[in-house]
Amino acid sequence: MATATSSRRFLVYGQLALDSLSTRLGMHLSPLRGGYYAETHVDIQGSPFIIGLYKTNAAMNISGPPVAKILRNTARVRPSSLIVIHDSLEHKPTVLSPKFGGSANGHNGIRSLISAIGSKGFHRLRLGIGRPESEVADYVLDRLPNFDRQFWTSDGPGLDLLWEHVQRIALKIDQAS
C-alpha cells in the first residue's frame, strides 16, 4: 500500500487525510498489527472521547481483515463506532460525503471490510476523487494532483471539513450508546 507521502494517487486520499488528522491531533502513528495505530483523548463539545486512528499496510482490496483485527483486539469497539475514510469515484474532487451503512458501491476496500467485520453498519467519510473519462485503473494510479494533496493536508481546508464530520459522528455515536 502506498504511503501518504507518495506522489501517486493509489490509495492515498484516505491515508493522506488520516495522516493529516493525526498530525493535527498531535498523534504519532506507530507500527501495530500490519499497519500503524495511534490513540488520543480529545474534548468534543465538553465531552471526553478517545480517538483511535489505524492505517493498514494491506492492499486496498484486502484491507478488511487487518481493520477487523484492530477492532477486535486493540480498539475494542463495535463496527457502528467505526469511521472509515476512503476515496470515492462517485464524488467530485475535494467533496466529502458522509454515509452510514449500505453497500460497498463497487469499492473493493469497503467490500473487504464488510466481509471481514460481518457488518455494513459503520460510518464512512467518502473523499471525492471524481470519475475520469479515461480508464479508472489508470486514473487511480496516476499522480495525485497538487491541489488535492494540499486540500487534505493538516493545514488544508479539507481537513477542517473532515474534523467537523468526525466530531459530529462521535457525538452521534455517544448519544446512541
Side-chain angles (χ1 to χ4, degrees), residues 1-6 8-42 44 47-89 96-127 129 137 140-141 144 152 154 159 162-163 165-177:
M1 183 175 252
T3 63
T5 56
S6 170
R8 307 289 281 178
R9 176 176 295 143
F10 182 60
L11 305 181
V12 173
Y13 280 78
Q15 288 190 3
L16 174 61
L18 189 135
D19 282 345
S20 298
L21 185 58
S22 72
T23 297
R24 180 169 292 181
L25 296 176
M27 301 168 75
H28 174 72
L29 294 165
S30 299
L32 180 69
R33 301 177 196 237
Y36 298 89
Y37 184 78
E39 225 175 66
T40 194
H41 296 264
V42 296
I44 300 174
S47 297
F49 286 86
I50 298 172
I51 301 282
L53 302 177
Y54 179 69
K55 178 172 68 171
T56 180
N57 281 335
M60 178 193 60
N61 294 353
I62 57 170
S63 60
V67 173
K69 188 179 284 189
I70 287 292
L71 281 178
R72 284 191 307 272
N73 301 332
T74 304
R76 295 183 190 92
V77 297
R78 306 176 313 278
S80 61
S81 296
L82 175 66
I83 304 171
V84 177
I85 302 168
H86 68 88
D87 63 356
S88 171
L89 288 164
L96 187 151
S97 176
K99 178 181 180 177
F100 181 83
S103 76
N105 255 4
H107 193 290
N108 291 330
I110 298 299
R111 183 178 295 122
S112 173
L113 182 58
I114 289 169
S115 175
I117 65 175
S119 174
K120 296 178 182 179
F122 55 91
H123 296 271
R124 304 166 202 187
L125 293 176
R126 301 171 293 177
L127 309 182
I129 66 171
V140 299
L141 293 174
L144 181 67
W152 297 112
S154 59
L159 197 64
L162 179 77
W163 181 235
H165 281 280
V166 168
Q167 291 180 90
R168 274 190 221 140
I169 293 168
L171 290 168
K172 190 182 298 183
I173 291 168
D174 188 51
Q175 290 171 351
S177 57

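Since the model is a prediction, treat every value here as computed from it, not as a measurement. Only heavy atoms go into these numbers, but all of them, side chains included; no hydrogens, no water, no symmetry mates.
Between Leu113 and Leu82, the closest side-chain pair of non-hydrogen atoms falls below 4.5 Å. Looking at Asn108 and Ser112, their side chains never come closer than 4.5 Å, going by heavy atoms from C-beta outward. Counting heavy atoms from C-beta on, the side chains of Val67 and Val84 never come closer than 4.5 Å. The shortest side-chain heavy-atom distance between Ile70 and Thr56 does not fall under the 4.5 Å cut-off. In this structure, the side chains of Leu71 and Phe122 stay at 4.5 Å or more apart for every pair of heavy atoms. Counting heavy atoms from C-beta on, the side chains of Arg126 and His86 come closer than 4.5 Å. The closest side-chain heavy-atom distance from Asn105 to Ile110 is not below 4.5 Å.
Around atom OH of Tyr37, more than 12 heavy atoms belonging to other residues, nucleotides or ligands sit under 6.0 Å away. For Lys99, the NZ atom counts as densely surrounded, since its 6.0 Å shell holds more than 12 non-hydrogen atoms of other residues, nucleotides or ligands.
Across Ser63 and Ala58, no two heavy atoms sit closer than the pair CA-CB, 4.1 Å. Summarising the geometry of Ala17 relative to Ile85, their closest heavy-atom pair is CB-CG2, 4.1 Å, with the distance given to 0.1 Å. Annotation for Leu29 and Ser22: closest pair CD1-OG, 3.9 Å, computed over non-hydrogen atoms. Minimum interatomic distance between Leu159 and Ser154 (heavy atoms only, all atoms of both residues): CD2-CA, 3.4 Å.
For the atom pair CZ (Arg111) and NZ (Lys120), the distance works out to 10.5 Å, reported to the nearest 0.5 Å. Ser88 OG to Leu125 CG: the interatomic distance, rounded to the nearest 0.5 Å, is 11.5 Å. Going from atom NZ of Lys172 over to atom OG of Ser80 covers 12.0 Å, rounded to the nearest 0.5 Å. Remark: Arg78 CZ to Ile173 CD1 distance equals 7.5 Å, nearest 0.5 Å.
If you run side-chain contact (heavy atoms from CB on, under 4.5 Å) between Met27 and each of Leu18, Leu53, Leu21, Asp19, only Leu53 comes through.
Formation of a donor-acceptor pair under 3.5 Å by the Arg24 side chain with backbone atoms of Trp163 is not found in this model.
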_The test is side-chain contact (heavy atoms from CB on, under 4.5 Å); show your working for Asp87 and His107 and say whether it passes._
CA-CA 9 Å; Asp87 63 356; His107 193 290; 2.8 Å; yes
*asked:* Leu127 vs Leu16, test: side-chain contact (heavy atoms from CB on, under 4.5 Å). Steps then yes/no.
replied: CA-CA 11 Å; Leu127 309 182; Leu16 174 61; over 6 Å; no
